[in-house]
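Report on the structure given below.
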Amino acid sequence: DARVTQTPRHKVTEMGQEVTMRCQPILGHNTVFWYRQTMMQGLELLAYFRNRAPLDDSGMPKDRFSAEMPDATLATLKIQPSEPRDSAVYFCASGQGYTGELFFGEGSRLTVL
Amino acid sequence: KQEVTQIPAALSVPEGENLVLNCSFTDSAIYNLQWFRQDPGKGLTSLLLIQSSQREQTSGRLNASLDKSSGRSTLYIAASQPGDSATYLCAVCGYGGSQGNLIFGKGTKLSVKP
């Protein structure tokens with residue numbers, strides 16, 4: 001049963017701490033997306049990769065967020081330093097090609113105190 | 001800039017009723033449109049994907065239609081069941097520099113009462 005796996009599922013941290021979220025896309029998928037979901041803003045795209053190359057990270061606050069794909073089986077989203085306004089659910093999604101069906105992980109719920 | 005709107009934000013219906021969820025988008029130059037379901041505390045599950053050249057897609061009790069020229073899509077759910085209770089989101093995929101970037105609506109929260 002192929003699925004996108006995200007860790008951690010829940011993270012509570014204090015303001016100023018570094019947070020790293022990880023995603024294992026579905027094997028064979030070549031596009032990976034990071035989204036953030038909040039009640040106020042809904043789902044917002046932070047960054048996406050095709051064949052491990054970053055294509056668009058315009059939705060990401062560059063001064064504190066960074067996204068990477070060190071290999072085809074791992075995508076990471078890092079926040080340093082974290083702030084209370086970063087509290088949200090962060091989703092990873094993967095797909096084949098630019099415009100096919102997307103498969104989402106179950107999300108990482110981040111709370112920054 | 002593409003904007004996606006879903007109305008109503010919440011909907012409550014009795015079990016067995018047929019219902020329609022609406023999605024509208026401002027830029028008709030889309031590549032495809034997807035409908036997703038999200039259960040509380042869970043990720044999104046893709047329900048139906050309609051390519052821009054298609055008018056509708058069906059899966060079981062679900063039927064999604066697309067009218068690009070008017071910037072509208074509907075998701076029809078037949079004979080609703082309590083298990084259909086969830087938030088339904090539509091997302092459009094556009095052409096151009098952000099190809100592959102899905103723009104999401106904020107969803108319609110559906111509650112089906114037994």
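Computed from heavy atoms alone, side chains included, the values below leave out hydrogens, waters and symmetry copies. This one's a predicted model, so the numbers in the text were calculated from it and none came from an experiment. Order of the sequence lines sets the chain letters (A, B, ...), proteins ahead of strands, with each chain counted from 1.
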- Are Val13(B) and Lys113(B) close enough that some pair of their side-chain heavy atoms sits under 4.5 Å apart? no
- Item | Top of Val4(A), Val89(A), Leu43(A) for chain B proximity - count of heavy-atom pairs under 4.5 angstrom | Leu43(A)
- Message: Please classify the contact between Leu89(B) and chain A as side chain, backbone, both or neither, with a heavy-atom cut-off of under 4.5 Å.
- Response: side chain
- Task: Name the orientation class of the two ring planes belonging to Phe104(A) and Phe36(B) (parallel below 30°, tilted from 30 to 60°, perpendicular beyond 60°).
- Result: perpendicular
- Highest number of heavy-atom pairs under 4.5 Å with chain A among Gly107(B), Gly105(B), Gly43(B), Ala91(B) belongs to Gly43(B)
- Check each atom of Gln37(A) against the heavy atoms of chain B and say whether the ones under 4.5 Å are side chain, backbone, both or neither. side chain
- Heavy-atom distances under 4.5 Å only: say whether Lys42(B) touches chain A with side chain, backbone, both or neither. both
- Message: Check this for me, if you would: do Lys1(B) and Asp27(B) make a salt bridge, where the nitrogen-to-carboxylate-oxygen distance has to be below 4.0 angstrom?
- Response: no
- Message: Go through it in stages, so that I can follow the logic: the residues are Ser73(B) and Trp35(B), the test is side-chain hydrogen bond (donor to acceptor under 3.5 Å, both in side chains), and I'd like the CA-CA distance, side-chain angles, deciding distance and then a yes or no.
- Response: CA-CA 9 Å; Ser73(B) 176; Trp35(B) 281 95; 3.0 Å; yes
- According to the interplanar angle, ranging from 0 to 90°, do the rings of Phe104(B) and Tyr35(A) count as parallel (below 30°), tilted (30 to 60°) or perpendicular (above 60°)? perpendicular
- Do you know which of Arg109(A), Arg9(A), Gln41(A), Glu44(A) has the most heavy-atom pairs under 4.5 Å to chain B? Gln41(A)
